Protein chains: 2
Amino acid sequence: MNFQQLRSVREAVRRGFNLTEVAAALHTSQPGVSRQIRELEDELGVEIFVRVGKRLTGLTPPGVAVLPWVEKLLLDAESLQRASEEFTQGSTGVLSVAATHSQARYALPHAVRDFRATHPHVQLQLHQGSPEQISQMLLTGVADIGIASHVLAESPGLVALPCYRWTHAIVVPEGHALLDGPVTLERIADYPVITYDTGLTGRNSIDGAFARAGLNPEIVLTAMDADVIKTYVDLDLGVGILASIAMDEDHQSHPRLRAIDARHLFPINTTSVAVRRGGLLRGFAYEFVQTFASHLTPDVVKAAQQAPADTQQAPL
Amino acid sequence: MNFQQLRSVREAVRRGFNLTEVAAALHTSQPGVSRQIRELEDELGVEIFVRVGKRLTGLTPPGVAVLPWVEKLLLDAESLQRASEEFTQGSTGVLSVAATHSQARYALPHAVRDFRATHPHVQLQLHQGSPEQISQMLLTGVADIGIASHVLAESPGLVALPCYRWTHAIVVPEGHALLDGPVTLERIADYPVITYDTGLTGRNSIDGAFARAGLNPEIVLTAMDADVIKTYVDLDLGVGILASIAMDEDHQSHPRLRAIDARHLFPINTTSVAVRRGGLLRGFAYEFVQTFASHLTPDVVKAAQQAPADTQQAPL
DNA sequence: TATCCTTACGGAATTCGTAAGCATG
DNA sequence: CATGCTTACGAATTCCGTAAGGATA
């Protein structure tokens with residue numbers, strides 16, 4: 001058993017059982033990959049992949065049993081290397097953070113500024129993506145830390161740690177009728193609505209609130225980020241619903257806009273930090289998390305990483 | 001990085017940094033081991049071992065950081081192999097159980113009998129040893145399951161699961177004065193005492209009970225097992241204190257002896273099953289545990305194995 | 001017929017053990 | 001001076017990529 005064999009197996013699963021792709025991804029020849037897999041299967045005495053003729057199509061039952069350990073081994077190997085990098089590289093290194101637009105635009109800047117001040121030798125990479133893309137970036141190792149409004153923890157390979165709670169706000173141009181008197185879901189639904197794309201930044205909780213109230217507002221525009229929403233609210237296209245944090249900061253760009261607190265209308269949302277389960281990150285990665293959410297100390301995050309996936313049940 | 005390098009490192013630590021011994025244990029040459037270690041250090045860019053001249057004497061700080069991952073990797077590799085053995089070997093295989101004398105003699109026979117009936121193709125190995133030896137056997141992989149009166153969980157590499165509680169009994173020859181009236185620690189201390197060796201089968205709780213009562217009984221003989229104790233009680237050498245289970249069974253061998261319940265005199269003891277943390281056992285190993293202690297289902301044991309070592313705090 | 005995996009083969013790189021060298025207690 | 005690690009070297013093995021073969025959609 002060797003790591004190249006394990007990498008071949010993992011990559012084969014990730015790339016949909018296409019060994020030609022796997023070879024490209026691992027910078028080796030296709031027959032090489034074929035051999036690695038065959039040799040591991042021979043050594044273990046089981047077929048990991050289902051073969052239809054000469055084509056791989058899926059995992060066999062032994063393959064399903066073996067795969068989690070393959071991934072664990074490769075993950076641990078990376079952790080071992082990271083553990084030693086802590087000594088070879090000292091305080092220098094690369095930290096890769098993946099976040100949704102909202103987080104990158106409004107929540108992260110403070111943490112990034114503080115972190116760069118305290119860790120000038122760490123090269124900070126910021127990747128933006130949808131929650132699904134962020135999960136993928138974490139699992140494939142492209143990113144070390146993921147930040148998004150919950151959801152992320154879907155994959156058993158990830159751990160999500162709640163950071164802070166936030167609510168939505170309503171945005172309207174100055175002089176808008178909604179600014180007079182208390183805002184209700186019913187009143188909002190009278191106007192065209194501009195908000196986030198499905199699955200982004202609490203869009204689910206917005207939809208849920210309207211649905212529970214039996215309302216069906218006209219969504220005239222959905223966007224991936226608050227700036228786009230604000231731009232079109234500014235053009236009188238409709239009423240904006242966005243994360244209140246997106247209004248707290250940034251008053252210059254759209255001076256004509258007014259925010260209305262809407263925490264009583266929509267469910268509270270939670271922003272979470274996600275990391276790979278079972279892995280080890282560089283020391284400064286844990287420090288970044290703590291900079292972002294002070295209660296998430298390195299020890300807390302490490303403990304969460306090492307906790308098993310199935311012990312999700314809350315204590316009594 | 002390859003597994004032979006990792007094995008060399010692990011073995012070097014286990015064998016007190018003597019590479020000659022390591023070479024013998026791994027069935028290879030000493031320069032080979034030296035090279036494996038050197039190459040891993042080169043690849044990681046850190047020195048794992050402290051070298052005094054040409055001799056290895058201990059772990060460097062990077063070595064301390066890296067070692068847990070080395071052990072985890074090797075453990076996971078074994079788990080991967082076991083996962084596939086489940087398919088290659090079906091219901092056959094070898095199950096190695098390590099237990100103290102008391103457990104092997106009195107608690108295990110039922111479980112062994114039932115297990116052999118349900119798993120006729122599993123070769124059952126029973127190793128006897130002190131709690132420390134049992135821990136070692138588990139950690140080195142000689143045994144898969146350890147059974148002893150608590151203590152075992154000292155090592156972070158092991159998980160102990162409580163099975164059942166038991167108490168001590170007093171053994172005296174028929175007609176002994178202690179058989180008349182209630183037994184107290186004071187009355188026992190009037191006689192010479194025969195009991196277990198230090199550290200074995202609840203000896204600690206016996207000592208503790210006498211110490212708390214301010215008594216200092218004369219221990220005239222200590223033994224590793226109940227049979228020896230009974231033999232010498234039968235010879236009128238003194239009063240025996242042993243696990244009550246050792247008297248419940250087996251009435252033939254010493255028909256002259258009488259047992260007196262002593263659960264009110266000494267603290268309750270707990271027998272635990274211990275397994276390697278983070279590892280995977282063959283399916284029948286989990287079934288054996290369940291046969292021994294029906295509440296320890298395979299899922300319960302697996303969950304305990306995967307739980308992190310530092311989350312020992314009880315839920316609120 | 002295009003895609004994709006397996007087999008075959010030969011050169012290159014790695015691996016490993018023996019023998020010699022050297023430092024330490 | 002006995003023990004124990006490192007270096008040196010040569011043989012054997014393993015590894016890997018190219019090229020050809022065969023099966024499937």
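Residue numbering restarts at 1 for every chain, and letters A, B, ... go by the order of the sequence lines. Treat the numbers as computed from the prediction; the structure is a model and nothing was measured.
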In whole Å, I'd like the distance from the [atom1] atom of [X] to the [atom2] atom of [N].
| X | N | atom1 | atom2 | result |
| --- | --- | --- | --- | --- |
| A:H27 | D:dC16 | NE2 | C1' | 16 Å |
| B:F3 | C:dT15 | CZ | P | 15 Å |
| B:L26 | C:dC16 | CG | C1' | 14 Å |
| B:R35 | D:dT7 | CZ | P | 11 Å |
| B:L40 | C:dT15 | CG | P | 13 Å |
| A:E43 | D:dC15 | CD | P | 11 Å |
| B:L56 | C:dA23 | CG | P | 16 Å |
| A:E39 | D:dT13 | CD | P | 16 Å |

Phosphate OP1/OP2 of [N] contacted by [X] side-chain N/O (<4.0 Å):
| X | N | result |
| --- | --- | --- |
| A:Q36 | D:dC16 | yes |
| B:Q30 | C:dC16 | no |
| B:T28 | C:dC16 | no |
| B:S29 | C:dT18 | no |
| A:N18 | C:dC5 | yes |

5'-most by nearest nucleotide on DNA chain D - B:L19 or A:Q4: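 This one resolves to B:L19.
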Position toward the 5' end of DNA chain D (nearest nucleotide), A:R55 or A:P31: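 Nearer the 5' end of the strand: A:P31.
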Could you tell me whether [X] contacts a base, only the sugar-phosphate backbone, or nothing, with contacts defined as non-hydrogen atoms closer than 4.0 Å?
| X | answer |
| --- | --- |
| B:F49 | nothing |
| B:G32 | nothing |
| B:R38 | sugar-phosphate |

B:T222-B:D197 side chain donor-acceptor pair, cut-off 3.5 Å: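 The criterion, which ignores hydrogens and geometry beyond distance, is satisfied for B:D197 and B:T222.
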Exercise: identify the closest heavy-atom pair between A:P68 and A:V64: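 Taking A:P68 first and A:V64 second, the nearest heavy atoms are CD-O, 3.1 Å.
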Distance-minimising heavy-atom pair for A:R203 and A:Y196: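 Nearest heavy atoms, A:R203 then A:Y196: NH1-O, 2.7 Å.
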Parallel, tilted or perpendicular: ring planes of A:H119 versus A:F284, cut at 30 and 60 degrees: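 Rings of A:H119 and A:F284: perpendicular, as their planes differ by over 60°.
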Reference residue A:R276; test side-chain contact (heavy atoms from CB on, under 4.5 Å); the match among A:V159, A:I145, A:L281: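 It is A:L281, the one option of A:V159, A:I145, A:L281 that forms the side-chain contact (heavy atoms from CB on, under 4.5 Å) with A:R276.
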